[in-house]
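Here's the structure we're looking at; comments come further down.
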Amino acid sequence: MAIIDPIKVDGLVELQRNLRTLSGDLPKALRLAHNEAANLVVDWAQPRVPSDSGKARRSVRATSSQREGKVTGGGARVPYYPWLDFGGRVGKGKSVRRPFEKGGRYIYPGYVKNKAEVEERLLAALLQVCQ
């Protein structure tokens, strides 16, 4: 899988600055717009993550700031998530093997499959904030 291009919005910094001059609460809506778009990928990826205890599945979530939205998986409580998503060898003497997938199995494929819809939802949410 090739390197995945992020969605870039020209003028987002200026929009954030102008919204801040109108009202202190408006820039927070930008974060919610990014989360709304990122949740499309989360909704696609989460059910596909293997689940014994459910921790790995629940660790896939949307995070955002006023300037970007992200989908993350894993964390301190789920340090094995990268192994689930990308594969490799772990365990004593690297004895547990999972086939390596360069593009991942869950988050990146979810983004690639839903990119057009993510763009549409982000645009709609940003237009809603501007109105």
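From a predicted model like this one, the values you see are computed outputs, not experimental measurements.
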When rounded to the nearest 0.5 angstrom, what distance separates [atom1] in [X] from [atom2] in [Y]?
{"X": "Arg17", "Y": "Gln66", "atom1": "CZ", "atom2": "CD", "answer": "12.5 Å"}
{"X": "Ser64", "Y": "Glu36", "atom1": "OG", "atom2": "CD", "answer": "11.0 Å"}
{"X": "Arg97", "Y": "Arg89", "atom1": "CZ", "atom2": "CZ", "answer": "5.5 Å"}

Cluster question for you: counting only ILVMFWY and a side-chain heavy-atom cut-off of under 4.5 Å, with indirect links fine, are [X] and [Y] together?
{"X": "Ile7", "Y": "Val13", "result": "no"}
{"X": "Val49", "Y": "Phe100", "result": "yes"}
{"X": "Leu15", "Y": "Leu22", "result": "yes"}
{"X": "Leu12", "Y": "Leu32", "result": "no"}

Walk me through it: do Leu30 and Arg67 pass the test side-chain contact (heavy atoms from CB on, under 4.5 Å)?
CA-CA 7 Å; Leu30 290 175; Arg67 295 186 185 176; over 6 Å; no
Any side-chain heavy-atom pair of [X] and [Y] under 4.5 Å:
{"X": "Leu122", "Y": "His34", "result": "yes"}
{"X": "Glu117", "Y": "Asn114", "result": "yes"}
{"X": "Arg48", "Y": "Tyr106", "result": "yes"}
{"X": "Leu126", "Y": "Leu123", "result": "no"}
{"X": "Leu84", "Y": "Arg57", "result": "no"}
{"X": "Val60", "Y": "Tyr81", "result": "yes"}
{"X": "Trp44", "Y": "Ile107", "result": "no"}

Minimum heavy-atom distance [X]-[Y], with the two atoms named:
{"X": "Ala62", "Y": "Val42", "result": "N-CG2, 3.5 Å"}
{"X": "Pro79", "Y": "Pro82", "result": "O-CD, 3.4 Å"}
{"X": "Ser53", "Y": "Arg58", "result": "O-NH1, 3.7 Å"}
{"X": "Arg105", "Y": "Trp83", "result": "NH1-O, 4.4 Å"}
{"X": "Ala56", "Y": "Val78", "result": "CA-CG1, 3.7 Å"}
{"X": "Gly74", "Y": "Ser59", "result": "N-OG, 2.9 Å"}

Presence of salt bridge, Glu119 and Arg121, under 4.0 angstrom:
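Answer for the salt bridge query: no.
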Show your working on side-chain contact (heavy atoms from CB on, under 4.5 Å) between Lys102 and Tyr108 and close with a plain yes or no.
CA-CA 10 Å; Lys102 186 175 182 180; Tyr108 286 123; over 6 Å; no
